[in-house]
Trainee: 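Handing you this structure, nothing more for now.
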Amino acid sequence: MKFDTPATTNPIDRLKVVGRPTSRIDGPLKTTGTAPYAYERHDVVANQAYGYAVGSTIAKGRIASMDVKAAEAAPGVLAVVTAGNAGPLAKADRNIATLLGGPQIEHYHQAIALVVAESFEQARAAAALIRVDYTRADGAFDLERAREGVTGPSKDDPDSTLGDFAGAFAAAPIQLDATYRTPDQSHAMMEPHATIAAWRGDQLTVWTSNQMIDWATTDLAKTLGIPKEKVHVVSPFVGGGFGGKLFLRADTLLAALGARATGRPVKVALPRPLIMNNTTHRPATIQRIRIGATPDGRITAIGHESWSGNLPDGKPENAVDQTRLLYAAPNRLTGTRLAVLDLPEGNAMRAPGEAPGLMALEIAMDEMAEKLGLDPVEFRIRNDTQVDPEKPDRPFSQRQLVECLRLGAERFGWSRRSAQPARNRDGRWLVGTGVAAAFRNNLLTPSAARVRLDKHGMVAVETDMTDIGTGSYTILAQTAAEMMGVGLDKVVVRLGDSKFPVSAGSGGQWGANNSTAGVYAACVKLREAVAQKLGFNSADAVFSDGVVRSGNRSAPLAQAAGDPGLAAEDAIEYGDLGKRYQQSTFGAHFVEVGVDAATAEIRVRRMLAVCAAGRILNPLSARSQVIGAMTMGVGAALMEELAVDTRAGFFVNHDLAGYEVPVHADIPHQEVIFLDETDPISSPMKAKGVGELGLCGVGAAIANAIHNATGARVRDYPITLDKLLDRMPEVG
Amino acid sequence: MRPFTYERARSPAEAAAAAARSQGAKFIAGGTNLLDLMKLEIEAPPHLIDVNGLALDTIEATPDGGLRIGALVRNTDLAADGRVRRDYGLLSRALLAGASGQLRNKATTAGNLLQRTRCPYFYDTAQPCNKRQPGSGCGAIGGFSRQHAVVGGSEACIATHPSDMAVAMRALDATVETVKPDGATRSIPIADFHRLPGDTPHIETALAPGELIVAVTLPKPVGGVQLYRKVRDRASYAFALVSVGAIVQPDGSGRVALGGVAHKPWRIEAAEAEMPRGAKAVAAQLLAGANPTPANAFKLPLVERTLGAVLAEAKG
């Protein structure tokens, strides 16, 4: 189905199932521990052996020699796979560093071997017996130093400009020129990267944990040099991804190689201490923001440059994207600056781009409001735009940023805030509140599905879409139930299998809208087949309560299926609406923090997010998404940081004791409000992404609340107590 | 994890004797630290002696009015004991500031004293660490050292002792009771139990090889307001950046011990004479000779400020 004109009224608009708060249909599987996650697929293939990955202990250089004899001779060991014996391997386009290193080493903990043994313990013990001599090479590990050599944009990523930024900024009566820093961060999902691989002849099956089934299939085939049809990827449940499982990673490749070497199914999970350096991470940024404004608070010039590092051929962290679209201004400059670093691969994590970008931009807006003597809510409202500021003939499909800010301010009690910082004390706590805008683009990508109807009236949805804890199963079931006029109890959803039609997958908050639109398209086709089978006119057939009605005729849905059943497959594909309209999601975050007057410990007291993100398909799972994202925002603002050892070139705190994420005690109270919105430009579902919106801006709202509480302006995340101590009042 | 042999000990003396028979043997009780370290091959004992069956899990009154805490009393049970809550509030508060409910259910009194540092260089076997591999150097010095020691460190090691409980024990003048492989028993004052790193950071306590802790004894209660304040980036389940354990008497005299600043629970009795003069004076003496890194110099003002807040709270 080609979606090239705005959606009109369709069966989804009945909202009998879609749009209703609905508990996850896969919830019982999870609460009873029976949802099948990759590493525990004991059922799928017999005689599984265990693989243990070995990581490089240098960041850059070569393996001079590697002695695996002791490991090979260790009890239970079946094989030791290295680049030397794995056979030729290609590198997939979506990987920057190779997944099995050697002799060249590109980053710390790059996998250099897999030990396969009868038991996990044997594999792990044998892995420790491998002796490697390295020839170290000098590497660049320090973004601050590398930044000095990078003054302009890279070839593939030119600056975006409008008007005369430099001139307008210089002429602006009120100016801000400030630099902000965000650290390297790790996804820290609960389930580690894990795969079981089995070969049957030249046919490879992997049970894995991956957000993008078709990418995994394509990239595994390419890396192994085998046809894509020979690779079967299965990933029905994913225990968190956050971007860390968008790509083929070492667990999958190593399991496949281990299985090939031993002739046995092999399972591999990346040990927690390996994940931070072996896989991808969110790269650190240094962001310079310049804003010029008139005394009445109109922005005349806005500039945002972001430095980040990556391995050669890696991409920059696109922290400036939102600045191209969020506020009006006639003179603009945005661009990324990419330095080569020999740290592990930087890539997508939890709202890449906008999350770190808004952490900087939305502090800058707060600073600017302060300079102007304007309320920060009002300053943002004053600079709203309903069109793409760079291309004024492109309107936003929907843009309710102002409404989010106004409603949020009212519900949060913003009017009670003291504009003057450090004025509000509650016992030992200095209390402050902060606001930030939330912004995240809505990305359109084709998504296919197959829908089957059987003689019992059961509807089965099959698509390679993934559920990474987001609620995909449930919203796809709601979509099919709405379209086919049946209850949720009549719908079965099967996901995460490369034998199913290729979906949008999960990432970039694009999953919900695109994958449900794909199911919508398939259901439209199935409805036509049903109507035809029944001899009804499909245009006026009404599907409701398990019955199809047309004029004064009616028939049970199941009757149309008959014994052989009916099936339909289709995809949603998008025309140029995405070009004619800018599609984004908007929100406002309000946060209250307490800062301990003595120790400067920072604790969030309450949070509110107001989101405008098209039709909310399932308010219950959408709320879960948003509060989870807000929690990630707390982590980013207050604690999450991969500490770089710039001598040895690695992330030092590479486990969950050293890399802190929020615990329950850090999150006392969260509230989420969804504005009533439908966006007919986005898809027939009139929905957009919402999950990552919940994260975008949270960090800055917290930073701004800390400023309001203490008067200290910290521009260097995470905001930890050591950065505030010298600004705190006398004790006692 | 390397293969190891395992036995269950039947008496404390027998456990100590068994440990002496097998070089590098370790006792295991809760295992909340040792098992993790064995999986990473930071610890690789060839033999484990399980002491969980030794019936050292009771808390008993001593004739002089104190408490004798069995080595195997779990942290949860110790924190919840009515006598501890009433007379040794500092200990209860320190215990509850540590780890998580699940870990406290497993972790024992003796094991808590013996837990090893959380320095990330200690945990990465590819990195230099004099504590893990004597002579290999110290990765933390010149590296990531935000959590590390600011006093009592050496050129070999700036690791901290991670325990909260031990800070309270130090302020309460606990005594560690042990049995040696030859059956001899001794009492080690807590002040002498943990060592500074010097040039042998791998030797962390005064225990001789094979020596087993059987109990920790608290002297009779000293009264006062007893507070434990743990400062950390997140609200729970994190090691202390700095912690302050204090006992403050109505006349302003008292005791102070610190966590998160040194290789051992940090207490300097002489500093306590300054308590009536306030936190600044006490902190100055506690931290005299401090040698922080640029990344952890904040701990010096943080100690003073936290102590100030604790003393103010004690005053009420």
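Quick caveat: nothing in here was measured; it's all calculated off a predicted structure.
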Trainee: Highest number of heavy-atom pairs under 4.5 Å with chain A: which of G308(B), G143(B), P301(B), P120(B)?
Mentor: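 The option with the most such pairs is G143(B).
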
Trainee: Quick one: what part of V634(A) sits under 4.5 Å from any heavy atom of chain B, side chain, backbone, both or neither?
Mentor: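 Contact with chain B involves no heavy atom of V634(A) at all.
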
Trainee: Between L302(B), L40(B), T125(B), L311(B), which residue shows the highest count of heavy-atom pairs closer than 4.5 Å to chain A?
Mentor: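 Maximum pair count with chain A is reached by L302(B).
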
Trainee: Between Q122(A) and E118(A), is there a side-chain donor-acceptor contact under 3.5 Å, judged purely by atom types and distance?
Mentor: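 Their side chains do not contain a donor-acceptor pair, so the 3.5 Å distance test is not met.
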
Trainee: Between Q115(B) and N112(B), is there a side-chain donor-acceptor contact under 3.5 Å, judged purely by atom types and distance?
Mentor: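 Judged by distance alone, the side chains do pair up.
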
Trainee: When you check the side-chain N and O atoms of S56(A) and Y108(A), is any donor under 3.5 Å from an acceptor?
Mentor: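 No - no donor-acceptor pair under 3.5 Å links their side chains.
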
Trainee: Among G278(B), G142(B), P3(B), A279(B), which residue has the highest count of heavy-atom pairs closer than 4.5 Å to chain A?
Mentor: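 The answer is G142(B).
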
Trainee: Chain A heavy atoms under 4.5 Å from R234(B): which part of the residue, side chain, backbone, both or neither?
Mentor: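 The answer is both parts of R234(B).
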
Trainee: Under 4.5 Å heavy-atom distance to chain B, tell me which part of A600(A) shows up: side chain, backbone, both or neither.
Mentor: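 Neither part, no heavy atoms under 4.5 Å.
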
Trainee: Identify which of V663(A), T57(A), D655(A), N653(A) forms the greatest number of heavy-atom pairs closer than 4.5 Å to chain B.
Mentor: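 Sorted descending by pairs with chain B, the first entry is V663(A).
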
Trainee: Between T5(B) and H47(B), do the side chains contain a donor N or O and an acceptor N or O under 3.5 Å apart?
Mentor: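 The criterion, which ignores hydrogens and geometry beyond distance, is satisfied for T5(B) and H47(B).
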
Trainee: Side chains of R272(A) and L656(A): does their closest heavy-atom pair fall under 4.5 Å?
Mentor: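 Touching, per the 4.5 Å side-chain cut-off.
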
Trainee: For chain A, which candidate among R229(B), E313(B), K299(B) shows the most heavy-atom pairs at distances under 4.5 Å?
Mentor: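 Top count of heavy-atom pairs under 4.5 Å with chain A: R229(B).
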
Trainee: Taking the six-membered ring for Trp, are F650(A) and H109(A) closer than 6.0 Å centroid to centroid?
Mentor: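 That pair fails the under 6.0 Å test.
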
Trainee: What part of E660(A) is in contact with chain B, defined as an atom under 4.5 angstrom from a non-hydrogen atom: side chain, backbone, both or neither?
Mentor: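 Looking at E660(A), backbone and side chain both touch chain B.
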
Trainee: Which atoms of L274(A) are under 4.5 Å from chain B, going by heavy atoms: the side chain, the backbone, both sets, or neither?
Mentor: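 Neither; nothing under 4.5 Å.
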
Trainee: Using heavy-atom distances under 4.5 Å, tell me whether D596(A) contacts chain B through its side chain, its backbone, both, or neither.
Mentor: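 Answer is side chain: those atoms of D596(A) sit under 4.5 Å from chain B.
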
Trainee: Please state whether the side chain, the backbone, both or neither of L241(B) comes within less than 4.5 Å of a heavy atom of chain A.
Mentor: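 Interface part for L241(B): side chain.
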
Trainee: Can you see which heavy atom on T306(B) is nearest to which on T599(A), and at what distance?
Mentor: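 Looking at all heavy atoms of both residues, the shortest contact is OG1-CG2, 3.5 Å.
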
Trainee: Out of L638(A), T646(A), T720(A), L129(A), return the one with the most heavy atom pairs under 4.5 angstrom to chain B.
Mentor: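 Top option by heavy-atom pairs under 4.5 Å: T720(A).
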
Trainee: Any luck finding a side-chain donor-acceptor pair between R181(A) and Y717(A) under 3.5 Å?
Mentor: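 The answer is no; no qualifying pair exists.
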
Trainee: Where is the tightest heavy-atom contact between L227(B) and V310(B), given as atom of each residue plus distance?
Mentor: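 It is CD1-O, 3.5 Å.
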
Trainee: Quick one: does S236(B)'s side chain get under 4.5 Å of S100(B)'s, heavy atoms only?
Mentor: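 Contact flag for S236(B)/S100(B) side chains = no.
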
Trainee: Which residue out of M728(A), H664(A), R647(A), R428(A) racks up the most heavy-atom pairs below 4.5 Å with chain B?
Mentor: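 The residue among M728(A), H664(A), R647(A), R428(A) with the greatest pair count is R647(A).
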
Trainee: Heavy-atom distances under 4.5 Å only: say whether H654(A) touches chain B with side chain, backbone, both or neither.
Mentor: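 The side chain, not the backbone.
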
